[in-house]
Asker: 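Sending over a structure as structure tokens; questions will come in a sec.
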Amino acid sequence: MKLKKFLIGSSAAFLVAVALTGCSSGGGDKTKSADEPVSFTQKDGVATQDPSLVTDLISAQSLANTMEGLYRYSGQDLKPALSTKIVKPTNNGLTYTFPLRKNAQWSNGDPITAQDFVFAWRRSVDPKTKSQYAYIYEGVANAKDISAGKKPVNSLGVKALDQHTLQVTLDKPIPYFDKLMAFQTFYPQNPKVVNKWGKKYGTDSKTLVFSGPYKLQNWSSSDNSWLQVKNDKYWNAKNVKVKKLKYQVVKDASTALNLYQSGKMDRAELTGDTSKQMKGSKGYGVLKVNSTFYLEMNQKKLPMFKNAKLRQAFALSINRQQLTKKVLGNGTSAETSVTPRNMSFDPQNKSKDFVAETSASGKKYTKYDLPEAKRLWREGLQETGNTGKKINLTMLGDDTDISKQQAEFLQSQLEKLSGVKITLNNVPFKTRISRSEKGDFDLVVSAWNADFPDPINFLSLFTSDNSYNRGKWSDAKYDELVNKSLSDDANDPAARWQDMKAAQDILNEQQGVIPLYQNGQAFMTHKRITKLDYGPSNMYNMANLRVK
């Protein structure tokens, strides 16, 4: 996904010792009633609950808790949700016909119908909606032309054959189409509710109805805490055993740990020194996710960064091992690629990881080699006419402690290059997202979390016309290869794999964006939680949550 663009939070080092006091008898050992809400820390608030507009992981997780699509992940397996079965395509892979559950209702009692999907999908691709995920519909008949304003919205290849039968027609086969059906942008929307609230839809709980396991209660987008209660109208409500979920924004890791140890949180995210200190203690664990962080340079605002040598110099000047082990300390791993490791595997040899197969180009510029970085920097400055000039840059980042520490580390690394002066600008998450979207930055650390386990999640981000390509790097051959993997070779897994590998090699060689690390999240988890189901789309399935 999903930006899923967000940065992890941290702690003040001097508070860690206080937080660790008495940790052996912390909150994870305290007995709680099964009827008490299961409580979680989050690094920021829910920005929106409009499925067409959600881009960040926190908002997407809230939607996964409260909404339902055609399919839902249970563990690593894709299961029917509002569809009664996993559908096989017909018409050479171009037609999907979904039978919907006749007992499915919205939380207000309205039936969930095929027309709710038609309405939602049309709304998401409509250019008036300005959905940043409209591109993910590409391949559904006419979606790309609709988003470009070239065809009417009602020409989208989605149709209600009857109240409980949804038919989808594709322009071309989509090899990962099944996986998309669990993603939030493909959720249904209630036309009556959306039309009633207009632009206010998704901004607070009174503007919403819910199709999933839980309902948001008394929430607005400015809140730093929110409660989700079991949705008794959910078609599979009998499987939902936990009645309430409580979320609290906690940006500081030591505070999160204190809340956990005092019994106020059941699952608390740790970062930085707090994570290092708690490693190995009871309740501690690390979750590896299909998520990477990378540095973008605004090539539209700063044309000098169209020079590959300058980008390569930046990449070589960063010691990723120090960044992940000494600064972040929460299970992150230094990486050579913006595509996550151990996410996707060669269709002809399942033991071969995509990142491993592109490691030759990936390692070339992501190793720490300051002398080589300085050489390339000098050559790049000469080629762009910037020799002897001061290069004053502002790095945009989030305002959590760990984000600030990360920014300070990158600042110290990049300023080793001649003439470079980095000013840090750490702002609230929503502000960072907004400014990134507007291109109001010189440098920004961004992140992406996989929507489904396929390299195209990441490779498509950096095509020339993708709205998430904030730095505006562009390469015609790269665009051609990515597009080929989505069109000519979509039904040929081996050829498609080669297309994506070749595209990744170009991105690695050019350092169109600079990979930093793959995300790992450290948590303290109360022993009463017995099933926390985390799937390959980086989402928890809270319908399966169980407590003692």
Side-chain angles (χ1 to χ4, degrees), residues 1 3-8 288-299 305 308-325 327-328 330-344 353-370 372-373 376 395-397 403 406-407 409-410 413-414 436 441 443-450 453-463 466 468-475 478 482 500-520 538:
M1 177 183 215
L3 194 347
K4 312 243 221 86
K5 295 203 176 186
F6 71 106
L7 289 183
I8 45 186
K288 285 288 188 181
V289 297
N290 294 333
S291 165
T292 57
F293 284 66
Y294 48 90
L295 181 67
E296 294 187 88
M297 299 139 288
N298 192 336
Q299 297 179 40
F305 282 111
K309 289 180 179 178
L310 295 180
R311 301 192 303 268
Q312 292 161 354
F314 263 28
L316 287 165
S317 68
I318 299 169
N319 189 326
R320 291 161 180 78
Q321 293 296 333
Q322 284 190 4
L323 174 61
T324 55
K325 293 180 179 179
V327 178
L328 301 175
N330 61 334
T332 57
S333 55
E335 285 301 342
T336 62
S337 170
V338 292
T339 303
R341 191 178 299 274
N342 296 323
M343 179 186 75
S344 307
D353 172 59
F354 181 80
V355 176
E357 287 196 332
T358 55
S359 64
S361 62
K363 291 177 180 177
K364 187 174 181 181
Y365 294 110
T366 55
K367 60 185 177 181
Y368 179 56
D369 188 340
L370 188 56
E372 178 66 3
L376 287 169
M395 183 183 296
L396 182 66
S403 298
Q406 175 178 265
F409 177 83
L410 294 173
Q413 298 281 283
L414 298 176
S436 294
F441 68 92
L443 309 172
V444 63
V445 175
S446 301
W448 191 263
N449 297 266
D454 190 281
I456 205 65
N457 269 269
F458 295 82
L459 297 176
S460 62
L461 295 175
F462 308 111
T463 54
N466 193 293
Y468 283 110
N469 185 359
R470 313 294 198 200
K472 304 304 179 185
W473 172 75
S474 180
D475 184 274
Y478 179 87
V482 171
M500 292 191 294
K501 283 173 55 181
Q504 184 71 66
D505 284 337
I506 291 173
L507 186 59
N508 290 346
E509 180 72 30
Q510 290 284 319
Q511 289 294 296
V513 296
I514 296 174
L516 297 174
Y517 54 90
Q518 185 166 343
N519 199 22
N538 288 330

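Keep in mind that the numbers below use all heavy atoms, side chains included, and drop hydrogens, waters and symmetry copies. Computed from a predicted model, the values in this text were never measured in an experiment.
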Asker: Would you check if Leu516 and Leu410 make a side-chain contact, meaning some heavy-atom pair closer than 4.5 Å?
Answerer: yes
Asker: For residues Arg311 and Trp473, report the shortest heavy-atom separation together with the two atoms involved.
Answerer: NH2-NE1, 3.5 Å
Asker: Of all the heavy-atom pairs spanning Thr332 and Lys288, show the shortest one and how long it is.
Answerer: C-NZ, 4.0 Å
Asker: Strictly under 6.0 Å, is that where the ring centroids of Tyr294 and Phe462 end up?
Answerer: yes
Asker: Side chains of Phe305 and Asn298, heavy atoms from C-beta outward: is any pair under 4.5 Å?
Answerer: no
Asker: Take Glu357 and Lys501, measure what salt bridge (Lys or Arg N to Asp or Glu O under 4.0 Å) needs, and give me the verdict at the end.
Answerer: CA-CA 8 Å; Glu357 287 196 332; Lys501 283 173 55 181; 3.6 Å; yes
Asker: Tyr478 vs Gln510, test: side-chain contact (heavy atoms from CB on, under 4.5 Å). Steps then yes/no.
Answerer: CA-CA 10 Å; Tyr478 179 87; Gln510 290 284 319; over 6 Å; no
Asker: Counting only N and O atoms by type, is there a donor-acceptor contact under 3.5 Å from the side chain of Asp369 to the main-chain atoms of Leu316?
Answerer: no
Asker: Would you mind reporting whether Pro455 and Gln504 have side-chain heavy atoms less than 4.5 Å apart?
Answerer: no
Asker: Of all the heavy-atom pairs spanning Asn319 and Phe409, show the shortest one and how long it is.
Answerer: O-CZ, 3.4 Å
Asker: Can you tell me how far apart CG (Asp454) and CE (Met343) are? Round to the nearest 0.5 Å.
Answerer: 6.5 Å
Asker: Find the distance between OG (Ser291) and CZ (Phe458) and round it off to the nearest 0.5 Å.
Answerer: 6.5 Å
Asker: Which distance, rounded to the nearest 0.5 Å, do you find between the CG of Leu295 and the CG of Leu443?
Answerer: 5.5 Å
Asker: State which residues pass side-chain hydrogen bond (donor to acceptor under 3.5 Å, both in side chains) with Thr358; sequence neighbours excluded, sorted by chain then number.
Answerer: none
Asker: At their closest point, which heavy atom of Glu296 faces which heavy atom of Gly471, and how far apart are they?
Answerer: OE1-N, 3.3 Å
Asker: Within this structure, what is the CD-OG distance for the pair Gln321 and Ser333, rounded to the nearest 0.5 Å?
Answerer: 9.0 Å
Asker: Got a second to check how far Leu459's CG is from Asn466's CG, nearest 0.5 Å?
Answerer: 11.0 Å
Asker: Measure across Arg320 and Ala334 and return the closest heavy-atom pair with its distance rounded to 0.1 Å.
Answerer: CB-CB, 3.5 Å
Asker: Nearest heavy-atom pair of Ser460 and Val482: which atoms, and what distance?
Answerer: CA-CG1, 4.1 Å
Asker: Parallel, tilted or perpendicular: which one describes the rings of Tyr468 and Trp448, with boundaries at 30° and 60°?
Answerer: perpendicular
Asker: Could you walk me through whether Leu414 and Met395 pass the side-chain contact (heavy atoms from CB on, under 4.5 Å) test, one step at a time?
Answerer: CA-CA 11 Å; Leu414 298 176; Met395 183 183 296; 3.9 Å; yes
Asker: Could you check whether any side-chain heavy atom of Thr366 comes within less than 4.5 Å of a side-chain heavy atom of Pro515, counting everything from C-beta outward?
Answerer: yes
Asker: Would you please test Phe314 and Gln511 for side-chain contact (heavy atoms from CB on, under 4.5 Å) and show each step?
Answerer: CA-CA 9 Å; Phe314 263 28; Gln511 289 294 296; over 6 Å; no
Asker: Take Tyr368 and Gln413 through the test side-chain contact (heavy atoms from CB on, under 4.5 Å) and record every step on the way to the result.
Answerer: CA-CA 10 Å; Tyr368 179 56; Gln413 298 281 283; 3.9 Å; yes
Asker: Can you tell me how far apart CG (Asn469) and OG1 (Thr463) are? Round to the nearest 0.5 Å.
Answerer: 7.0 Å
Asker: Is a side-chain N or O of Asn290 found less than 3.5 angstrom from the main chain of Pro340, in a donor-acceptor match?
Answerer: no
Asker: Would you check if Lys364 and Asn508 make a side-chain contact, meaning some heavy-atom pair closer than 4.5 Å?
Answerer: no
Asker: Indicate yes or no for a side-chain donor-acceptor contact from Gln518 to the backbone of Val289 under 3.5 Å, with no hydrogens or angles considered.
Answerer: yes
Asker: Under 3.5 Å, is there a donor on one side chain and an acceptor on the other for Thr292 and Glu335?
Answerer: no
